[in-house]
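One structure below.
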Amino acid sequence: MGVALREILGEYREEVELEELRGTVAVDAFNALYQFLTIIRQPDGTPLMDGEGRVTSHLSGIFFRNLNFLEKGIRPAYIFDGAPPDLKTETVARRRGVREAAGERWKEAVERGDIEEAYKQARTSARIDDAMIASSKRLLDLMGIPWMVAPSEGEAQAAFMARQGDVGAAASQDYDALLFGAPRLLRNLTVSGKRKVRGRSVTVRPERIDLAAVLAGLGLSLEELVEVGILIGTDFNTGIRGVGAKTALKIVRGGKFQETIRERAPDFDPEPVRAFFLNPPVTGDYCLDWREPDRDGVVAMLCGEYAFSEARVDAGLQKIGMKTGQKTLGDWF
DNA sequence: CCATCGCA
DNA sequence: TGCGATGGG
């Protein structure tokens with residue numbers, strides 16, 4: 001779940017309206033799909049499925065959320081993960097274990113009729129499979145939205161594209177993109193509105209974090225912020241037991257990063273992790289090209305293959321001007 | 001997640 | 001007119 005920097009980044013989170021975000025954004029595709037998949041569910045945790053039992057929650061999320069983006073002048077590009085780095089092997093295995101255990105508990109909860117527990121476990125058990133990734137890419141193509149596969153981590157590639165100035169920001173729920181050097185990070189872009197958190201209803205709004213403001217405010221260089229992350233723990237290392245964001249900040253500010261690692265995790269070599277954040281595998285070989293949606297193609301896919309209602313899909317497409325004589329997508333670009 | 005509907 | 005509940009696939 002990324003790096004736990006929330007504690008020290010709280011004051012740098014600036015709430016923004018979707019309407020202010022006009023422009024381009026590189027979206028961490030895996031992160032977005034995961035959010036759609038965990039959120040778009042029935043009360044007992046069952047995701048949306050077509051008649052053949054294929055999960056369609058992610059398609060619903062991609063379709064409706066992107067229509068809203070386009071309507072508001074936000075041009076998203078989706079960045080999929082490539083092969084995970086070796087450093088992530090442990091994290092990947094641990095997550096799989098957590099998912100599988102939750103899948104069992106989901107079944108059990110449904111059997112006892114414990115709806116609330118079922119929902120919770122269902123969300124934890126959510127897994128993005130190859131079919132979901134393939135159908136997502138196909139829908140993005142039909143919607144005229146560019147996507148690419150990163151050499152390694154999608155967040156690293158998104159951060160690179162933002163650094164290059166090819167997109168205005170990186171979008172992800174995780175703070176890692178900041179450690180990868182994204183000058184601007186947008187959170188809560190693919191989750192919004194009212195959500196239930198532990199029984200309480202909270203309103204989730206998009207927020208923006210400016211890397212320069214973070215570094216200036218904390219008095220750190222990017223390299224030092226990465227050290228803070230390493231001490232807390234990232235997807236690529238376990239972190240020092242008992243060290244949270246605030247302690248890590250103190251350690252790094254005091255120039256005691258190396259010393260702390262030596263004393264408290266003598267067997268851990270932080271250098272590969274540091275190098276991965278500061279110089280991750282990325283590519284400049286991409287072309288961001290937003291096109292008109294292929295209306296018939298979208299309808300054929302969603303309604304023809306996945307049993308979406310044509311009335312709803314049509315209504316959605318008309319919102320972004322797919323009716324003849326109305327303003328078209330091109331008018332925004 | 002989103003759109004839609006019923007109700008105050 | 002705006003909010004909560006509901007169904008979507």
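Below, chain A is the first sequence line, B the second, and so on; all start at residue 1. All values below were derived from every heavy atom in this structure, side-chain atoms included, with hydrogens, water molecules and symmetry-related copies excluded.
In this structure, the CZ atom of A:F36 is 8 Å from the P atom of B:dC2, given to the nearest Å. Atom CD in A:E310 sits about 15 Å away from atom C1' in C:dG9, given to the nearest Å. A straight line from CG of A:L59 to C1' of C:dG9 spans 10 Å, rounded to a whole angstrom. One atom, CG of A:L48, and another, P of C:dG9, lie 8 Å apart when rounded to the nearest Å. To the nearest angstrom, P of C:dT6 lies 13 Å from CD1 of A:I115. Rounded to a whole Å, the CD1 atom of A:I40 is 13 Å from the C1' atom of C:dG7. What separates CZ of A:R54 from P of C:dG8 is a distance of 18 Å, to the nearest Å. As a whole-Å value, the separation of A:L37 CG from C:dG8 P is 19 Å.
The salt bridge (Lys or Arg N to Asp or Glu O under 4.0 Å) contacts involving residues 229-239 of chain A comprise A:R95-A:D235, where partners must be two or more places apart or lie in separate chains.
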Show the atom names and distances, to 0.1 Å, of all donor-acceptor pairs under 3.5 Å that link a side chain in residues 242-255 of chain A to residues at least two apart or in another chain.
{"residue": "A:R253", "atom": "NE", "partner": "A:L218", "partner atom": "O", "Å": "3.2"}
{"residue": "A:R253", "atom": "NH2", "partner": "A:L218", "partner atom": "O", "Å": "2.9"}

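Residue A:Q42 is classed as a base contact, given a heavy-atom separation below 4.0 Å to a base. Within 4.0 Å of A:S60, counting heavy atoms only, lies at least one base atom of the nucleic acid. Within 4.0 Å (heavy atoms only), A:V191 reaches sugar-phosphate atoms of the nucleic acid but no base atom. A:S57 comes within 4.0 angstrom of nothing in the nucleic acid, heavy atoms only.
Under 3.5 Å, the side chains of A:T283 and A:D285 contain no donor-acceptor pair of N or O atoms.
Here the side chains of A:I79 and A:F30 are not in contact, with every heavy-atom distance at 4.5 Å or above.
Taking the charged nitrogens against the carboxylate oxygens, A:E17 and A:R205 do have a contact shorter than 4.0 Å, which makes a salt bridge. Salt-bridge annotation for A:E104 and A:K107: present, with a side-chain N of the basic residue lying under 4.0 Å from a carboxylate O of the acidic one.
In this pair, A:W147 and A:F80 present their aromatic rings perpendicular. The plane angle is above 60°, beyond the 30 to 60° band.
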Contact list (N/O, under 3.5 angstrom) for nucleotides 3-8 of chain B vs protein:
{"residue": "B:dA3", "atom": "OP1", "partner": "A:K319", "partner atom": "NZ", "Å": "2.7"}

